[in-house]
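To find a chain, count down the sequence lines: A is the first, B the second, and so on, and within it residues start at 1.
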Number of protein chains: 2
Amino acid sequence: MLPDIDSLGLFVRAAELHSLSKAAEASHIGVAAASRRIALLEHRFRTTLLERSPRGVELTAAGVSLLGHAKTLLVHLNHMNADMNDHAAGRKGVLRIIANTSAMTEYLPDDLATFARENPDVRLVVEERWSAEAVQLLQAGEADIGIVVEGSRTEGLETFAYRTDRLAVIALPGHALVQLEQMRFEDVLDHDLIALESGASMMRLLAEQAVVLEKSLS
Amino acid sequence: MLPDIDSLGLFVRAAELHSLSKAAEASHIGVAAASRRIALLEHRFRTTLLERSPRGVELTAAGVSLLGHAKTLLVHLNHMNADMNDHAAGRKGVLRIIANTSAMTEYLPDDLATFARENPDVRLVVEERWSAEAVQLLQAGEADIGIVVEGSRTEGLETFAYRTDRLAVIALPGHALVQLEQMRFEDVLDHDLIALESGASMMRLLAEQAVVLEKSLS
DNA sequence: GAGCGTTACGCTAATCGTAACCATG
DNA sequence: CATGGTTACGATTAGCGTAACGCTC
């Protein structure tokens, strides 16, 4: 039911070289075998993939579709192989972590240092991204762990509470906010704010809270 | 060099059922064959994937890594198969289009109607997303065409100009802006605006232009 | 001894390369 | 007639199931 990898690789080469013969050579098999493998692929899919002519092959519509899938599939397979090579070489693998700005600067460095000390064989790759991007990368399998701000849309992902982040307001001495005995988020909204870029999830979160309070971030 | 799909499928089942025998049965092959296939996989990767015990199998660290890769790989393979089945059935495939709000409401419906009339065998799937999300989906191969606002980060993607969008300012009669003979973007920035959500790319674009003019959106 | 995984041994079936065969510019 | 793809045939080999075996609870 499922097609085999080698044939897909052959197909990709044939499609890109516009030639079965070249593809066969590149795949280190005979032309006859190549022809049959493609034919088998077509029979399996019940569709013609290549338009044959005496001076090469061209993709059909179905071929174009398959080419896209096959290429990303092969790329993924290479990632897998690389990972497994890491394991074979003793490294226990790569842990890809995506963190937002606050985690990156606050808690993460310490935690990562501890983890790295206890697991010297695990290679850590850390990237800083906005929460929304982090979720996308996680869903695409491009990363293993993401640290995002509360309230992010995390469909299909497992979530755990990591740390609590405290936000502070900085104002000039004598500013109206400083006069207050107890400052609530609501009070802050009455003033102009200098904060993060508007794309940051932190800001989205603040904006959502502002809406709840029937005010707006300005 | 590359592992075969069937073995990966077997491995996934073995990992999830914690049993080689069950996995063999589920894969419609004998236990002996299953054992050998896993052994071959391990030999190929030069790593042990499963910890054997008299009452089943458990994943090793390398096995956990492989399981993740194998599962997403198999999912992708199913997508591919589905697509090819579409082609076999005469449908020329699915064109997945991601559009932002303005394209969705302005130009796209007409263009899609025309295309659908001329290509009845192509199934169209349209989704509305913000430009940044659209780019992510395209890069992940989850969509074929995206319509985004100018200035989006489109690394690794081909871009073409689609349509020009005209923005309008709506104000009460007698508003300062209405008095102007000719209104420039710069002039608009001197006033408070009610526009789209701050996450929308359109807003990012406006904000960038505002920065160029040394003003700010408020 | 019941359950589970592994190894040994024939056998079948898939796959290959060589070579002869078509089609087109 | 040179180029590129296809089909035929014999040989190789990779993969299967049956069956015997080893280990642990």
What is the separation between atom CD on E25(A) and atom C1' on dG4(D), rounded to the nearest whole Å?
13 Å

Return the set of residues passing salt bridge (Lys or Arg N to Asp or Glu O under 4.0 Å) with K71(A) (not counting sequence neighbours), or none when no residue passes.
E16(A)

Qualifying side chain to side chain donor-acceptor pair (under 3.5 Å) pairs, either residue in residues 3-12 of chain A, two or more places apart:
D4(A)-S7(A), D4(A)-R37(A), S7(A)-R37(A)

When every non-hydrogen atom of S27(B) is compared with those of L10(B), the smallest separation belongs to OG-CD1, 3.5 Å

What is the minimum heavy-atom distance between H69(A) and H79(B), and which atoms define it?
CE1-O, 4.3 Å

So, do I147(A) and I98(A) sit near enough that their side-chain heavy atoms are less than 4.5 Å apart?
no

R36(A) side chain, from C-beta outward: closest of dC9(D), dG15(D), dT18(D)
dC9(D)

Given atom CG of L10(A) and atom P of dG5(D), what is their separation to the nearest angstrom?
11 Å

Rounding to a whole Å, what distance do you find between H43(A):NE2 and dT7(D):C1'?
16 Å

Between A39(B) and K22(B), which residue's closest nucleotide on DNA chain C lies nearer the 5′ terminus?
K22(B)

Between dT13(D) atom P and L40(B) atom CG, what is the distance in whole Å?
16 Å

So, with a heavy-atom separation below 4.0 Å from DNA chain D, the residues of residues 47-56 of chain A are R52(A), S53(A), P54(A), R55(A), G56(A)

Leading and trailing nucleotides of DNA chain C with any atom under 4.0 Å from heavy atoms of chain A
dT15(C) to dT24(C)

With side chains defined as the heavy atoms from C-beta onward, is the minimum distance between L73(B) and H76(B) less than 4.5 Å?
no

Within the 4.5 Å heavy-atom criterion, are L108(B) and Y162(B) side-chain neighbours or not?
yes

Could you give the CZ-to-C1' distance, from R37(A) to dT6(D), as a whole number of Å?
17 Å

Partner set under side-chain contact (heavy atoms from CB on, under 4.5 Å) for R46(B), not counting sequence neighbours:
N85(A), A88(A)

Rounding to a whole Å, what distance do you find between I29(B):CD1 and dA14(D):C1'?
14 Å

Please report, rounded to the nearest Å, how far the C1' atom of dT7(D) is from the CD1 atom of I38(A).
16 Å

Using a heavy-atom cut-off of 4.0 Å across all strands, would you classify A32(B) as base, sugar-phosphate, or nothing?
base

Got more than 12 heavy atoms from elsewhere within 6.0 Å of CD, E128(A)?
yes

Is it the case that atom CZ in R163(A) sees more than 12 heavy atoms from other parts of the structure closer than 6.0 Å?
yes

Output yes when at least one side-chain N/O atom of S35(A) is less than 4.0 Å from OP1 or OP2 of dT6(D), else no.
yes

With five pairs defining each end axis, the helix from dG1(C)-dC25(D) to dG25(C)-dC1(D) comes out bent, to 10°, by 20°

Quick check on side-chain contact (heavy atoms from CB on, under 4.5 Å): which of T48(A), L66(A), T47(A) does E42(A) satisfy it with?
T48(A)

